[in-house]
Structure formats: C-alpha cells, structure tokens
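Per chain, numbering begins at 1; letters A, B, ... match sequence-line order.
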Protein chains: 2
Amino acid sequence: MTSPVTPHDTLTRKLADEGMRFTRQREVVYEAVLNQRDHPTADEVYARVRSDVAGISLATVYNTLETLVQCNLVKQVNFERESTRYCPNLKEHAHFYDTQTGRIYDVDLNNGLVEQLRENLPEGFEAAQIEINYRGRTA
Amino acid sequence: MTSPVTPHDTLTRKLADEGMRFTRQREVVYEAVLNQRDHPTADEVYARVRSDVAGISLATVYNTLETLVQCNLVKQVNFERESTRYCPNLKEHAHFYDTQTGRIYDVDLNNGLVEQLRENLPEGFEAAQIEINYRGRTA
DNA sequence: CTAGGTGCAAAAGGTTTGCGGTTAA
DNA sequence: TTAACCGCAAACCTTTTGCACCTAG
C-alpha cells in the first residue's frame, strides 16, 4: 500500500523545486492556511502561528506567504484594497464576498463558463487568468 | 430642439441629489476621468488637474474621487494591491489588464454571460455585483 | 561550512484625517 | 451667513526591506 502524501511532503517537494529550504516557519504558515480554509489575511495567519513558533515575526509571515505563492501552494485573493487574503484551493474557482460578514466563500465554476468568458474577449486579447469576484449576501 | 446634457449638468445634478455642492475641483477632476478614459490613478488625475486648478492638493483629488464614486459618476477598479483606478464607464463590463503595459481595457460582456454567472451561484447566495478581471497580453 | 532564512525595526506606498482658513448657495 | 469644502501636514495601514544573527543541507 502507498502512504498518503502529507502537506509536509508537498511543501518539501515544492520548495525543493524552487531551490528553497524547508523550515519550521514555512511548515506552520502553510498549515495555518491549509487547515482553516477561510482565506486568512497575513495578520490572521500571524495570530494563529504565534503559539506554534515562539518569536515568529509578522514580516516572516508576509515573506513566507509570498514564498508559498511562488511555490504555487497558495493563491492571493484581493477584494477592493482590503488586506490580501490567502487561498489554498488551487482549482479554478470564483470567490464570493459576503458583504454582511466579510467572509469569503469559494465558488465552483460550471462547465464551459471559463471558456465562454475567454471567447468573450475581442480579437487580439489573450487572457492568462480570469478572476471572478461576486459581492453580495447569503441567505 | 433640446440642448445636450453636458458633463457639467450631470455633475451638478448628481451632486445636488446627494446634497453636495458644485465646486471647480469636482468639475475638473470629473472631466479628467471622463475625457481620458484610461482608468487613471489618483496620482495621475492629480498630475492632469494641477494645471487647471492652481494649488489643488492630492488629498482633495482623493476626496473628490471618493465623492464622485458616492454620486455614481465613476467606479473604482482594483487590480491586486496596485493603486485604485477610476472608470467613468457605468455600463456593466469587465476589465482586461495588460501585463506588458499595465494598461487597462474595458471589455463588453456578451448577452447572457452575467446571467449565467449569477446562475452559477449555489442556493442561498445572492450577488449584488459581479466583477470580472482578465489578465494577459494583447497582440 | 555557507547560502539562504529569520527577526527586528525602519521605510515605503497608498490613502485618510484633523484643523484652520475659504467659498458656494 | 454658514455648512460644506479645501489645502496642508500629519497620521494610518498594509506590506517591504536592510541588516545582523541563525540554521538547513
């Protein structure tokens, strides 16, 4: 039987791919985003990991999150000019911002929707990424 | 024959609707966004209007742009955490960010696309706005 | 051993605000 | 006349950076 691929393994491998080292800080920050998939800000991640790594600094959290983005382990999510949030969902998906609570939800995209959006572009425009952000309220 | 509705008229009326005054600063800032529809930042607007209103301040430009947003004369456009840009196109449309030049283009939306995006939402999610941002390059 | 990573504090950018003087209505 | 507005400078908030020390490989 094959053993499951742990976040630890994934992290180590992706870091190595980029010629970067495995550190405790990176492990803990990655898990903070991965375990609670609630799109935390850097500040929120900082609050979560302070108990795990005594003395970790906010700057390190910012730098580490940036590292995880480079390694394609998390993605940045921005709404207006609010603090950047971090999302470990790597599938193509949209975000829904609940204007009542400030919470952000992942929204799967129906078949063909992304293709239709791409076809919507005029001649000569080639989109590498398409970002879809809903804002509204939940029942 | 009816005379055309000038930006001046529109501005005066929309300001009055909100109980706000017409001022030279507001007129000039509005025209700076309206005439060159290139999604300027506050800084860029500031650069444009300094020759029109001697002594206008950057803070006033920021405050004025915020006023125009409240009056529904322009909309804010954000890409990542770059400076907020201002768009006088009030029709529902998407934005294309050219990663080569940093320029932003308005993109009209095909019939039914917005409806499909709205239908894509799960039960209980009610979107007030849907934002579509393309990033890529132009031929 | 040593290139890369971390913590700290300071700096950088973008935007907002408090206040005294000015102005549209 | 007077509430709203403006210019200025200082404050604010998020994020980045320089540097001395530390550590994974």
**Q.** Distance-only donor-acceptor check, side chains A:Asn133 and A:Glu131, under 3.5 Å
**A.** yes

Q | B:Glu18-B:Gln70 side chain donor-acceptor pair, cut-off 3.5 Å | A | no

Q) Can you name the side chain to side chain contact (heavy atoms under 4.5 Å, CB included) partners of A:Asp106, sequence neighbours left out? A) A:His39, A:Cys87, A:Asn89, A:His93, A:His95

Q) For B:Arg85, which residues count as a salt bridge (charged side-chain N to carboxylate O under 4.0 Å, His left out) partner, sequence neighbours excluded? A)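 Applying salt bridge (charged side-chain N to carboxylate O under 4.0 Å, His left out) to B:Arg85 gives B:Glu44.
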
Q: Please name all residues satisfying salt bridge (charged side-chain N to carboxylate O under 4.0 Å, His left out) with A:Arg21, sequence neighbours left out, ordered by chain then number.
A: none

Q) A:Phe79: what forms a ring pair (Phe, Tyr, Trp, His ring centres under 6.0 Å) with it, not counting sequence neighbours? A) A:Tyr97

Q. Within 45° of the ring axis of A:Tyr46 and under 6.0 Å from its six-membered ring centre, is that where the NZ or CZ of A:Arg50 lies?
A. yes

Q. Which residues, if any, of residues 67-89 of chain B bring a heavy atom under 4.0 Å of DNA chain C?
A.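 Contacting residues: B:Ser83, B:Thr84.
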
Q) Quick one, which residues of residues 25-41 of chain A touch DNA chain C with a heavy atom under 4.0 Å? A) A:Gln25, A:Arg26

[Y] side chain reached by [X] side chain, heavy atoms, under 4.5 Å:
X: A:Leu90; Y: A:Asn72; result: no
X: A:Asn78; Y: B:Asn78; result: no
X: A:Leu34; Y: A:Val74; result: no

Q: Take the protein atom CD of B:Glu66 and the nucleotide atom C1' of C:dG14, then report the distance between them rounded to whole Å.
A: 14 Å

Q: Starting at atom CG of A:Asp43, determine the distance to atom P of D:dC13, rounded to an integer number of angstrom.
A: 11 Å

Q. Quick one: does B:Arg118's side chain have a donor or acceptor within less than 3.5 Å of a partner on B:Ala127's backbone?
A.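 Side chain of B:Arg118 to backbone of B:Ala127: a pair is present.
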
Check side-chain hydrogen bond (donor to acceptor under 3.5 Å, both in side chains) between [X] and all other residues, then give those that pass, not counting sequence neighbours.
X: A:Ser57; value: A:Thr60
X: B:Thr6; value: B:Asp9
X: B:Tyr105; value: B:Arg103

**Q.** Within residues 53-64 of chain B, residues whose heavy atoms come under 4.0 Å of DNA chain D
**A.** B:Gly55, B:Ile56, B:Ser57, B:Ala59, B:Thr60

Please produce a list of atom pairs where a protein N or O lies less than 3.5 Å from an N or O of nucleotides 22-25 of chain C.
| residue | atom | partner | partner atom | Å |
| --- | --- | --- | --- | --- |
| C:dT23 | O2 | B:Arg21 | NH1 | 3.3 |
| C:dA24 | O3' | B:Phe22 | O | 3.3 |
| C:dA25 | OP1 | B:Phe22 | N | 3.2 |

(Q) Check for me, please, whether B:Leu117 and B:Phe96 land in the same ILVMFWY cluster - side-chain distances under 4.5 Å, paths through other members count. (A)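 Yes.
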
Q: Compute the bend angle of the helix from C:dC1-D:dG25 to C:dA25-D:dT1 from the end axes (five pairs per end), rounded to 10°.
A: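 Inter-axis angle at the ends, rounded: 40°.
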
